[in-house]
Amino acid sequence: GNFAAVKFAGRREVTFDDIGGQSFAIQELKEALDFIKNHQDIKRLGIRPLKGILLTGPPGTGKTLMAKAAACYTDAAFISSSGSEFIEMYAGVGAQRVRKLFQKARESALRAGKRNALIFIDEIEILGGKRGKTTSHLEYDQTLNQLLVEMDGLKVDDQVRILLVAATNRADMLDPALLRPGRFDRCVKVDLPDKEGRIEILKLHTRNKPLAGDVKLDLIAKETFGFSGAHLESLANEAAILAMREGCREISQRHFNESIDKVMMGGKLDKRPSE
Ligand code: ATP
């Protein structure tokens, strides 16, 4: 209703057009989402509904963006969480949080007048690591079990249809139970961008920046092998800061060149502490 409109005014939704260099991943994701949109036929034909999509790939490649764009594409309320939020010292707390997450998704959708909700779980490997191997603590099992119980309970004719999208860069660590049919049984790879992909991402992140005539995005893309989307976003930002510091009105190629080194030196842009 009106309240929701006011509340979300100004915060622009992420769409697939905001994601560069991932056309194959986007196509695969869209195919899965189109299938979900077709819920009347799914019900009529008795097809098992798609409940979970797993996005795999290195940090900073746009997995969170993809999940947000997927919510926009399916007109779903977006609820975000991270695997690390569910790990607790006290037995049962993690499981309780999983229950609350699903409850929150239903409530958010109803409040926004939407039939769909998309729950995004980043770093799913923390909550869904292989049982009994990577974890010794009982708590992990209860939390993971609760997630499986919630997923198994999702029905195509629920008042609010819930889709789970999870992200990981350690798909090998996931408990096989999570990957079984009816759980996260669709996997979309979100890899580092190639040169063309890097050009696309650089275009996106310089679209609101004044570029000097000498800037050659394809040259920058050539020099940034191995950069993720997050690296490239950071590069565009650093170049703009450098231009400002020098009192330039436009960002020139030199600002980019110098910033490439800086972003490289900065090392991993991974937000998580590396263990
Ligand atoms: P992590 O695994 O570390 O959570 P992620 O894969 O979820 O990373 P995002 O959080 O989606 O990555 O990306 C971080 C930021 O980097 C985005 O907000 C965006 O500015 C930029 N970015 C990353 N990938 C892309 C891309 N493919 N196109 C455009 N921008 C991107």
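Note that ligands are numbered from 1 as they come in the structure, with each ligand's atoms numbered from 1 the same way. For this chain, numbers begin at 1 and follow the sequence in order.
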- Task: Assess whether side-chain contact (heavy atoms from CB on, under 4.5 Å) is satisfied between Leu163 and Ile36, documenting all intermediate values.
- Result: CA-CA 9 Å; Leu163 173 69; Ile36 288 174; 3.5 Å; yes
- Message: Closer than 3.5 angstrom, by distance alone: can the side chain of Arg186 be matched with the main-chain N or O of Leu50 as a donor-acceptor pair?
- Response: no
- State whether the shortest distance between N or O atoms of His205 and N or O atoms of ligand 1 falls below 3.5 angstrom. yes
- Message: List ligand 1 atoms under 4.0 Å from Ala230, heavy atoms only on the residue side.
- Response: 16 (O), 21 (C), 22 (N), 23 (C)
- Query: Just wondering, are more than 12 heavy atoms of other shown residues or ligands nearer than 6.0 Å to NZ in Lys37?
  - Reply: yes
- Query: Salt bridge between Lys43 and Asp157, side-chain N to carboxylate O under 4.0 Å?
  - Reply: yes
- Val14, Leu65, Asp122: member with heavy atom nearest to atom 4 (O) of ligand 1: Asp122
- Determine, considering heavy atoms only, which of Ser82, Ser228, Gly20 sits nearest to atom 28 (N) of ligand 1. Gly20
- Message: If the contact criterion is a heavy-atom separation under 4.0 Å, does Lys68 count as touching ligand 1?
- Response: no
- Query: What distance separates Leu232 CG from Ile201 CD1, expressed to the nearest 0.5 Å?
  - Reply: 5.5 Å
- Message: Below 4.0 Å from ligand 1: does a non-hydrogen atom of Ile201 turn up there or not?
- Response: yes
- Can a non-hydrogen atom of Leu55 be found less than 4.0 Å from any atom of ligand 1? no
- Note on the structure: atom 24 (N) of ligand 1: of Thr61, Thr56, Ile19, the nearest heavy atom sits on Thr61
- Query: Do Leu147 and Leu164 have side-chain heavy atoms sitting under 4.5 Å apart?
  - Reply: yes
- With atoms numbered from 1 as shown, which atoms in ligand 1 lie under 4.0 angstrom from a non-hydrogen atom of Asp18? 29 (C)
- Query: Is the backbone of Ala77 close enough, under 3.5 Å, to the side chain of Lys114 for a donor and an acceptor to pair up by distance?
  - Reply: no
- Item | Element-labelled atoms of ligand 1 that are located less than 4.0 Å from some non-hydrogen atom of Pro59 | 2 (O), 3 (O), 8 (O)
- Query: More than 12 non-hydrogen atoms from neighbouring residues, nucleotides or ligands closer than 6.0 Å to NZ on Lys195, yes or no?
  - Reply: yes
- Note on the structure: With heavy atoms and a 4.0 Å threshold, my read on which part of Lys63 contacts ligand 1 is both
- Note on the structure: So the atoms of ligand 1 within less than 4.0 Å of a heavy atom of Gly60 turn out to be 1 (P), 2 (O), 3 (O), 5 (P), 6 (O), 8 (O), 12 (O), 23 (C), 24 (N)
- At a non-hydrogen distance cut-off of under 4.0 Å, which region of Glu200 contacts ligand 1 (side chain, backbone, both, or neither)? neither
- Message: For Glu246, is the CD atom crowded, meaning more than 12 foreign heavy atoms sit under 6.0 Å from it?
- Response: yes
